[in-house]
Amino acid sequence: MLAADNLSLERGGRQLFEGLSFAIQAGQLVQVAGANGAGKTSLLRILAGLSRYGYLGRVERSAPLLYLGHQSGVKGMLTPRENLSWHVAGEGIYSDAAIERALEQVGLYGFEDVPSHALSAGQHRRVNLARLYLSQSPLWLLDEPFTAIDVDGVAALEALMVAHAREGGAVVLTSHQVINAAYPMQQLSLSTGLSQ
Ligand SMILES: Nc1ncnc2c1ncn2[C@@H]1O[C@H](COP(=O)(O)OP(=O)(O)OP(=O)(O)O)[C@@H](O)[C@H]1O
């Protein structure tokens, strides 16, 4: 689905990674490991095709991907329903019922038509995560998806990622959290690459 060949990135005079190569196949759950400022977000953006310059090496993508950045990407003026409709419009046509179901699955039943600026940080995040329930992209690149999410929400998201991998998808995520997925979780180190 995704292959990185000899990736190197320097930022602000610091070498964040050098000669990094790995391949992500269907069915893999991969957590990018590293301290604050190590370069995890930078790597994910390169993998997603959002950083076109400034790095060395090649990325080959052979499957459609969904990238969720670490900011919620939710517009405060719009309701959760409008935000989600706007986001998924680019990925195909979805019925209002499917959008409502996705919002219900992330615990936003009853909040569909509230202006998003009146939602909490975790609820903002949940609007963004609802995109995963509608996604038809096999490859998910998720930057800090658990930020501001409560315990039940974390468990639901872990289960969703496992189901996605079992159905032939793949997930690459950054997180400082220990993930309790009932599924083999591989670690991607910025210095040594993918664990076995
Ligand atoms: N646009 C930029 N210009 C210059 N330096 C940048 C830029 N964006 C990020 N950096 C630097 O690159 C380094 C890596 O940042 P990055 O956000 O990729 O780290 P991270 O591993 O995701 O960190 P965290 O765990 O704190 O989210 C940091 O030292 C950061 O200051």
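A quick note: this is a predicted structure, and the numbers were derived from the prediction, not measured. The residues of the chain are indexed from 1 along the displayed sequence. As the structure lists them, so they are numbered: ligands from 1, and atoms in each ligand from 1.
Using a 4.0 Å threshold on non-hydrogen atoms, atom 31 (O) of ligand 1 does not count as touching the protein. For atom 28 (C) of ligand 1, the protein comes within 4.0 Å by at least one heavy atom.
Using 4.0 Å as the threshold, G34 has no heavy atom nearer than that to any atom of ligand 1. Using a non-hydrogen distance threshold of 4.0 Å, R14 registers as a contact of ligand 1. No heavy atom of G12 sits closer than 4.0 Å to any atom of ligand 1.
Of the N or O atoms in G37, one or more lie within a sub-3.5 Å distance of an N or O in ligand 1. Residue-to-ligand polar distances keep E144 apart from ligand 1: every N/O pair is separated by 3.5 Å or more.
Annotation for ligand 1: atoms under 4.0 Å from non-hydrogen atoms of L16 are 12 (O), 13 (C), 14 (C). Those atoms of ligand 1 that come under 4.0 Å of a heavy atom in N36, given as number and element, are 23 (O), 24 (P), 25 (O), 26 (O).
Comment: R45 does not engage D143 in a salt bridge, judged by the lack of any side-chain N to carboxylate O separation of less than 4.0 angstrom. Between R125 and D150 no salt bridge is recorded (no basic side-chain N to carboxylate O distance below 4.0 Å).
Contact record, L47 with A4: CD2-CB, 4.3 Å, taken as the closest heavy-atom pair.
What sits closest to atom 17 (O) of ligand 1 on the protein, heavy atoms only, is T41 CB, 3.6 Å. Looking only at protein heavy atoms, the nearest one to atom 19 (O) of ligand 1 is G39 N, 3.3 Å. Scanning all protein heavy atoms for the shortest distance to atom 25 (O) of ligand 1 gives K40 NZ, 2.7 Å. Looking from atom 15 (O) of ligand 1 to the surrounding protein, the closest heavy atom is S42 OG, 3.8 Å.
Remark: the backbone N or O of G19 is paired with a side-chain donor or acceptor of S8 at under 3.5 angstrom.
Residues L119 and F111 form a side-chain contact, since some pair of their non-hydrogen atoms from C-beta on lies under 4.5 Å apart. In this structure, L56 and L9 have side chains that are not in contact, with every pair of non-hydrogen atoms separated by 4.5 Å or more.
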Quiz item: Can you check side-chain hydrogen bond (donor to acceptor under 3.5 Å, both in side chains) on Q31 and Q186, steps first, answer last?
Solution: CA-CA 6 Å; Q31 181 174 16; Q186 286 181 275; over 6 Å; no

Quiz item: What do the steps show when you test L103 against Y109 for side chain to side chain contact (heavy atoms under 4.5 Å, CB included), and what is the final call?
Solution: CA-CA 6 Å; L103 290 171; Y109 178 77; over 6 Å; no

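Here the shortest heavy-atom distance to atom 10 (N) of ligand 1, taken over H176, R11, R45, belongs to R11.
Counting non-hydrogen atoms of other residues, nucleotides and ligands closer than 6.0 Å to CD of E10 gives a total above 12.
In H70, neither the side chain nor the backbone holds a heavy atom less than 4.0 Å from any atom of ligand 1.
Linking Ile, Leu, Val, Met, Phe, Trp and Tyr whenever their side-chain heavy atoms come within less than 4.5 Å puts V74 and V88 in one cluster.
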